[in-house]
Amino acid sequence: MRTLREGLILQAKAIKYGFTPTVFSSNQLIHLYSSNGLLKEAQRLFDEMPERNAFSWNAIVSAHVKARNLTQARALFEAATQRDIVTYNLMLSGYVSAEGYETDAVELFRQMQSMSDVIKLDEFTLTTMLNLVVKLSSVSCGRQLHSYMVKTGNDLNGFARSSLIDMYSKRESFGEALKVFGQLGGRVDLVSRNAMLAACCREGELGMASDLFWRETELNDAVSWNTLISAFAQNGFAEESVKMFVEMGKNGIRWNEHTFASLLGACSALKDLKLGKEIHCWVVKNGSILNPFISSGIIDVYSKCGNMKYAESVYATDEVVNSFSITNMIVGYSSQGNMSEARRLFDSLTEKNSIIWTALFCGYLKSQQCEAVFELLNEYRKWEPSNVLDPLIIVSVLGACALQAGLEPGKQTHAYILRRGIVMDEKLTSALMDMYSKSGSLGHAEKIFDEVIKRDLVHYNIMIAGYAHHGHRDRAFQLYHKMLDKSLRPDTVTFLALLSACRHCGLVEVGEKYFRSMTEDHNILPEIDHYSCMIDLYGRTNQLEKAVDFMKTIPTDFDAVIWGAFLNACKLNGKLQLAREAEKRLLAIEGENGSRYVQLANLYAEHGDWAEMERIRRKMRGKEVKKLAGCSWVYVENAVNVFTSGDTSHGKAEAIYSTLGFLTGELSEMADRRIRESSPTL
DNA sequence: TGGTACGTTC
């Protein structure tokens, strides 16, 4: 009796012909019901059994443990007339794999230890306890268990070894894991080898993992292949991951749900819609779409490819609440800038975990909706008043402060981190530095930078950009060279910061040097922003001919940013003829952008060419494009106050305009006085 | 006839 069908036939016959199945058959049937998710049927059969043995009790305890029904499992465990080590192990593993039963697990283990005359701890007990040690991060207990295993000879089994490798790699050190693996000598079993592969991947030692994997390819099973496919996908080698997947099939190893769950990660990183659809087909045919890992993975692929309609259709088929699917949907809507849909989904949830909240915070920040970030923060505090904010929520809040140059709320957030003793990781320190730098408090940014022990590229980039924007070009350049001395490799952001320092200070030669160094020394391809920065630099230093020559060397098609920068250069140099050329190109690419018309009109007006200015204005009206009004803002009394020209919508507009009138009067009087004092008597 | 390795979201 191997399948549920066979079991059901047996039970039907028993009822029809009025015989009682053997205890052995009934025990098997309980397992079959349980592994097919039919807990009630399993329980009914157990209740109706006229005779039971130790296996029967184990089968029913196991059924409840599998169904995560731990209270009932424990009640049956207590009621069992016969208990052996398996009954204890079942209950123990139930506690260890569930959330919040750690104390029960420890107590049960103590009880087991005190009953050494009745039951004897075996390798199953010990490997289950090793999993608990990982969960509780209790390394010293892990070492004690290891010693006990050696003493009792329970460390020789493959699963015991693999659990030790797993425990050391997750909680102690990779070195210890290697040691356990090394002790196996030539007698390496499949399970330990797979555990070691996983440990290497966890450590980021993909080279080592590959060596182990390819050394004896005949030893690899589906788990070995899946481990590597997943590791490549997780570490930014999506193409490698897909290649391994294909190779796995060629090697005659069957793909399973684990394979596809990992492959989906690679597929979404590649934004490969075609592959995503192929996987989708496969999992629908195999019924794997019901697997929560798979369905949320497919939603992720469609979201990353920008196809929310497909994502929605898969989301609609989720039968149980899947927080991964929900998060992926929210991230998908956010990346499309569709925050109202993201919010609608969020509001429809009765239960929200911290990651779902964080996804919405990140979405608002990505769409630059700073006020929404702050409002959401208030909501979160009402919703979860006792929760310490997730560090990524804090990063989003700091990002919103940086965008608004809101030094006060930024400082309050910093104080919150210190008060709650939140660990400052690299994301938090860089977000804080960025906030201080963009809010005009470069000194504070510097202070944090000095205190960070493990500085990464992002820290340096923020600091270099901060110096550049505050006009400290020499400090920017010095820090860049310090960074190189520390063997950190610059990226496109670093060079944009350096070039913008040159632009602000009109340093053509230095700028050219850094621009060349990008490709020549660091093999980094310049992006559109680097090109436009250089054009701007030439424009500001009245070297329009150089700008024209430079533009000829740009390999990609010029886009609106480049032509916009060039137009600005023409404006600064009064080259109206060249401006007209740029105008044609610019409006062809970006004819719907109102700011471009204003830029052109201002250029002609500045050089007194009123006819041209009028022509552009007419063109703009004909196109019915609008320019978003430029605005300024100031952070006062816990709120951002936005001002546009001639705007009277502010609640305190009257008082503001009267103060403005007063200040303007004072200033002009002051200016007059200065002129009078410095001019010779008329 | 029972129990442990490889899979995801900000």
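Note on naming: letters A, B, ... go to the chains in the order of the sequence lines (proteins, then strands), and numbering restarts at 1 for each one. None of the values given here were measured: they were computed from a predicted structure.
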- Message: If you take any heavy atom closer than 4.0 Å to DNA chain B, which residues from residues 395-402 of chain A end up in contact?
- Response: none
- Item | Residue Ala359(A), side-chain heavy atoms: nucleotide from dC10(B), dT1(B), dG2(B) that is nearest | dC10(B)
- Task: In whole angstrom, give the distance that lies between atom CH2 of Trp357(A) and atom C1' of dT9(B).
- Result: 17 Å
- Message: Without decimals, in angstroms, what is the distance between Gln234(A) CD and dT9(B) P?
- Response: 6 Å
- Could you tell me whether Ser323(A) contacts a base, only the sugar-phosphate backbone, or nothing, with contacts defined as non-hydrogen atoms closer than 4.0 Å? base
- Could you tell me whether the side chain of Thr128(A) has a donor or acceptor atom within less than 3.5 Å of a complementary atom in the base of dT4(B)? no
- Among residues 244-271 of chain A, which residues get a heavy atom nearer than 4.0 Å to DNA chain B? Glu257(A), His258(A), Ala261(A), Ser262(A)
- Message: Can you tell me which nucleotide in dC6(B), dC10(B), dG7(B) comes closest to the side chain of Cys362(A)?
- Response: dC10(B)
- Query: Any side-chain donor-acceptor pair under 3.5 Å between Tyr333(A) and Glu312(A)?
  - Reply: yes
- Message: Suppose we call a contact any N or O donor and acceptor under 3.5 Å apart; does that hold for the side chain of Thr358(A) and the base of dC10(B)?
- Response: yes
- Looking just at side-chain N and O atoms, do Thr87(A) and Asn58(A) make a donor-acceptor pair shorter than 3.5 Å? yes
- Message: If you only use heavy atoms from C-beta on, which nucleotide in dT8(B), dC10(B), dG2(B) is closest to the side chain of Ile355(A)?
- Response: dC10(B)
- Query: NA contact type, Asn328(A), heavy-atom cut-off 4.0 Å: base, sugar-phosphate, or nothing?
  - Reply: sugar-phosphate
- Item | Distance, rounded to the nearest Å, where Asp318(A) contributes CG and dT9(B) contributes C1' | 13 Å
- Message: Within residues 63-75 of chain A, which residues have any heavy atom lying less than 4.0 Å from an atom of DNA chain B?
- Response: none
- Hey, does Val331(A) reach any base, or is it just sugar-phosphate, or nothing, if we go heavy atoms under 4.0 Å? sugar-phosphate
- Message: At 4.0 Å (heavy atoms only), tell me whether Asp122(A) reaches a base, stays on the sugar-phosphate, or touches nothing.
- Response: base
- Got a sec: does the OH of Tyr310(A) have more than 12 other heavy atoms crowding it under 6.0 Å? no
- Query: Under 4.0 Å between a side-chain N/O of Arg161(A) and OP1 or OP2 of dT4(B), yes or no?
  - Reply: no
- For Arg202(A), which contact category applies under a 4.0 Å heavy-atom criterion: base, sugar-phosphate, or nothing? sugar-phosphate
- To the nearest angstrom, how far is Trp57(A) atom CH2 from dT1(B) atom P? 22 Å
- Item | Interatomic spacing from CD in Glu123(A) to CG in Asp155(A) - rounded to 0.5 Å | 10.5 Å
- Message: By the 4.0 Å heavy-atom rule, please label Ser230(A) as base, sugar-phosphate, or nothing.
- Response: sugar-phosphate
- Query: Leu392(A) has a side chain; which of dT4(B), dC10(B), dG7(B) sits nearest to it?
  - Reply: dC10(B)
- Message: Taking any heavy-atom pair under 4.0 Å as a contact, classify Asn322(A): base, sugar-phosphate, or nothing.
- Response: nothing
- Rounded to whole Å, the CG-C1' distance (Asn353(A) to dC10(B)) equals 10 Å
- Message: So which atom in Met435(A) and which in Cys401(A) form the shortest heavy-atom distance, rounded to 0.1 Å?
- Response: CG-CB, 3.8 Å
- Message: Give me the atom names and distance for the closest heavy-atom approach of Ile326(A) to Leu345(A).
- Response: O-CD2, 4.1 Å
- Do we see a donor-acceptor contact under 3.5 Å between the side chains of Thr152(A) and Asn154(A)? yes
- Whole Å only: how far is the CD1 atom of Ile165(A) from the C1' atom of dC6(B)? 14 Å
- Message: Distance to the ring centre below 6.0 angstrom and angle to the axis at most 45 degrees; does that hold for Arg202(A) and Phe174(A)?
- Response: no
- Item | Whole angstrom value for the distance that separates P of dC6(B) from CG of Leu190(A) | 12 Å
- Of dT1(B), dC10(B), dG2(B), the nucleotide closest to the side chain of Asn58(A) is dG2(B)
- Message: With hydrogens left out and only the distance checked, is there a donor-acceptor pair under 3.5 Å joining Thr327(A)'s side chain and the base of dT9(B)?
- Response: yes
- Heavy-atom closest contact (Ser224(A) atom, Leu190(A) atom, distance): OG-CD1, 4.4 Å
- Task: Remember a base hit wins even if backbone is also touched, and classify Ser163(A) as base, sugar-phosphate or nothing at under 4.0 Å, heavy atoms.
- Result: nothing
- Message: Whether Arg52(A) engages the ring of Phe46(A) as a cation-pi pair (distance to the six-membered ring centre under 6.0 angstrom, angle to the ring normal within 45°) should be assessed.
- Response: yes
- Answer yes if the side chains of Asn387(A) and Arg381(A) hold a donor-acceptor pair under 3.5 Å, and no otherwise. no
- Message: Side chain of Ala198(A), heavy atoms from C-beta onward: which of dC6(B), dT4(B), dG7(B) has the nearest atom to it?
- Response: dC6(B)
- Item | Side-chain donor-acceptor contact under 3.5 Å, Asp189(A) with Ser192(A) | yes
- Just wondering, do Phe324(A) and dT8(B) stack (centres under 5.5 Å, planes under 30°)? yes
- Query: Is there a donor N/O on one and an acceptor N/O on the other, under 3.5 Å, for the side chain of Asn27(A) and the base of dG2(B)?
  - Reply: no
- Do Arg254(A) and Phe260(A) meet the cation-pi criteria used here (NZ or CZ under 6.0 Å from the six-membered ring centre, within 45° of the axis)? no
- Query: Side chains of Ser296(A) and Asn328(A): donor-acceptor distance under 3.5 Å anywhere?
  - Reply: no
- Nearest-angstrom distance from the residue atom CG of Leu90(A) to P of dG2(B): 11 Å
